[in-house]
There are 2 protein chains.
Amino acid sequence: MQDYRYQSLHQFLKSQILHGVYEDGDLLPSENELSQFHKLTRTTVRQALSELQKEGYIVKQKGKGSIVNIRRKRLGLLSFKGFSEVIGHSDQKVSNTVLSGPLLQNWPKDFFYDLNALEKSARCIYLKRIRSVNTDPVMLEETYLPNQNLEGLIGKKLIKGSLFSTLILQYQIEVNSMDQDVRAIKANAHLAKTLSLNENDPVLHIYRKYGTSRPGYFIYSSLYFNTENYAIGSYFK
Amino acid sequence: MQDYRYQSLHQFLKSQILHGVYEDGDLLPSENELSQFHKLTRTTVRQALSELQKEGYIVKQKGKGSIVNIRRKRLGLLSFKGFSEVIGHSDQKVSNTVLSGPLLQNWPKDFFYDLNALEKSARCIYLKRIRSVNTDPVMLEETYLPNQNLEGLIGKKLIKGSLFSTLILQYQIEVNSMDQDVRAIKANAHLAKTLSLNENDPVLHIYRKYGTSRPGYFIYSSLYFNTENYAIGSYFK
DNA sequence: GAGTGGTCTAGACCACCTG
DNA sequence: AGGTGGTCTAGACCACTCG
């Protein structure tokens, strides 16, 4: 792995972006500058930039340059849309609350995905969070990470309050795929209380399995949504 | 548009695939053959193939060739997963039934997405379908297409029972993006009857707006799912 | 071993943006 | 006008698949 020149340049630039050498909206050095500095052809430089573009780290613009894009398009990332608002406008104030910090524990019985031997033998790091829109609790999320080479995560505060930011910056683990199962269920007493609903009200439930840049390493999440006042929006192309 | 050589080759090959010149699993001519025949550099040929790959029409394999992939990765295409079955195995028997064929009518009042003037001035083509898994009705879908340059669609049978296949083969309209809003709602009497549920049972509801290769042309769908026995699966990367 | 796609070089001209 | 990314050529060598 990592044998090729365009891959080296790709990793080098990604690392610079992640470590803040270039900030959101900055221009990367031009393709000519990069090819001179790294002693590569422009073709090879373009291949590296093309990878960055696919991953959403940069946006290219003819006549201008390669623009760094930190708030990049993420894998089916969720947004909340209020019914009354005009679509695409007036961002809601979304806040995150960690109910139970990163905590080492055993896997739950009858876990919702089949685990392999390696995952079972490691215990799991558990995280319980609530997402609110304008003080209304809208989502309850329980996340399970196999405890493999994640020294220092337990009990720590998350970087920028985000698990994914923490994983990429501290452990070079990047989420790059997602498998999900969606259902509508009835709220039980606990869900009703947590999400400000009545028992038996409909709740949106999602099981997720995330694939990562570390081969064989997966992250699991169970998400519950109160969709009474907000729809769960997502965009794909 | 369509000024560049790699775009011409891209369109040419796509058209051949769509018209059945190459079938699923076939190999395209090799990059060398394509470059000789079309008097292009291999670089340019590779750019065309790279586009086909992005769109999912082919899969490349080193040492072998470019393999045509008809059942290609589609935009958040839905699959149904039974709870008892092993994930990824034992495909369910899925069947489609058209309840109301492609029918010209007025837009519903308070349509779920804002329509632009052009869309409003055209009427809409309406389609109501049910999808069943092993004779259980699982999904009810209502589709609305602005009636713009779609001569001959009304009252016609769909090719291979698929709206998207019909659109691309008859009208060169390809769906390439999707915006969706998801909620959990209570079944009303009509939904309960159609989906074999009791009133007030939870139902998964999705509004969708599809973007297409025809600029400014969108397709709208409203989908209702009975998720009592099947989850709605989807995979993204 | 012959053929395939993957990587890479060293050039060229073009379309677009900005000072 | 000068610099940027987009397209394209004409080569070369490498890694992989298959008979």
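Protein chains get the first letters and strands the later ones, always in sequence-line order, with residue 1 at the start of each. Note that the coordinates shown come from a computational prediction; the quantities given were computed from them, not determined experimentally. Keep in mind that the numbers below use all heavy atoms, side chains included, and drop hydrogens, waters and symmetry copies.
Note on A:Arg5: only backbone sugar-phosphate atoms sit closer than 4.0 angstrom, heavy atoms only; bases stay farther off. Among the protein residues, A:Thr43 comes within range of the nucleic acid bases, having at least one heavy atom under 4.0 Å from a base atom.
In this structure, B:His10 places its NE2 atom 16 Å from C1' of D:dT7, rounding to the nearest Å. Computed from coordinates, the B:Lys62 NZ to D:dA15 P distance equals 8 Å when rounded to whole Å. Rounded to an integer number of Å, the gap from A:His38 NE2 to C:dA10 P is 16 Å. B:Leu27 places its CG atom 12 Å from the P atom of D:dG19, with the value rounded to the nearest Å. Note: CD (A:Glu31) to P (D:dG6) measures 6 Å, nearest angstrom. What separates OH of B:Tyr4 from P of D:dG5 is a distance of 16 Å, to the nearest Å. Rounded to a whole Å, the CG atom of A:Asp26 is 16 Å from the P atom of D:dT4. Distance, B:Leu34 CG to C:dT4 C1': 12 Å, rounded to whole Å.
Regarding contacts with the backbone of C:dT7, every side-chain N or O of A:Thr44 stays at 4.0 angstrom or more from both OP1 and OP2. Taking only side-chain nitrogens and oxygens, A:Ser30 comes nearer than 4.0 Å to OP1 or OP2 of D:dT4. Proximity of A:Tyr6 to the phosphate of C:dT7: a side-chain N or O atom is located under 4.0 Å from OP1 or OP2.
Of the candidate nucleotides C:dC8, D:dA10, D:dT4, C:dC8 has the atom lying nearest to any side-chain atom of A:Gln47. The side chain of B:Glu33 approaches C:dT4 more closely than any other nucleotide in the set C:dT4, D:dT7, C:dG6. Of the candidates C:dC17, D:dG5, C:dG5, the closest approach to any side-chain atom of A:Lys64 belongs to C:dC17. Relative to the side chain of B:Arg42, the nucleotides D:dT9, C:dG5, D:dA15 differ in distance, and C:dG5 lies closest. Comparing C:dG5, D:dG6, C:dC8 by their nearest atom to the side chain of A:Thr41 picks out C:dC8. Distances were taken from every side-chain heavy atom of A:Lys60 (C-beta onward) to each of C:dT7, D:dG6, D:dT4; the shortest belongs to D:dG6.
Between the CG atom of B:Leu49 and the OG atom of B:Ser66 there is a distance of 4.5 Å, given to the nearest 0.5 Å.
Using a 4.5 Å heavy-atom cutoff, the side chains of B:Ile206 and B:Arg183 are not in contact.
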Could you list the donor-acceptor pairs under 3.5 angstrom formed by side chains in residues 14-26 of chain A, with sequence neighbours left out?
{"from": "A:Lys14", "atom 1": "NZ", "to": "A:Glu55", "atom 2": "OE2", "distance (Å)": "3.4"}
{"from": "A:Lys14", "atom 1": "NZ", "to": "A:Glu174", "atom 2": "OE1", "distance (Å)": "2.9"}
{"from": "A:His19", "atom 1": "ND1", "to": "A:Ser15", "atom 2": "O", "distance (Å)": "2.8"}
{"from": "A:Asp24", "atom 1": "OD1", "to": "A:Ile70", "atom 2": "N", "distance (Å)": "2.5"}
{"from": "A:Asp24", "atom 1": "OD2", "to": "A:Arg71", "atom 2": "NH2", "distance (Å)": "3.1"}
{"from": "A:Asp26", "atom 1": "OD2", "to": "A:Glu23", "atom 2": "N", "distance (Å)": "2.8"}

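With hydrogens and angles disregarded, a donor-acceptor distance shorter than 3.5 Å links the side chain of A:Trp107 to the backbone of A:Ala122.
Each of A:Arg131, A:Glu141, A:Lys160, A:Met139 was evaluated against A:Asn96; a single residue qualifies, A:Arg131, per the side chain to side chain contact (heavy atoms under 4.5 Å, CB included) test.
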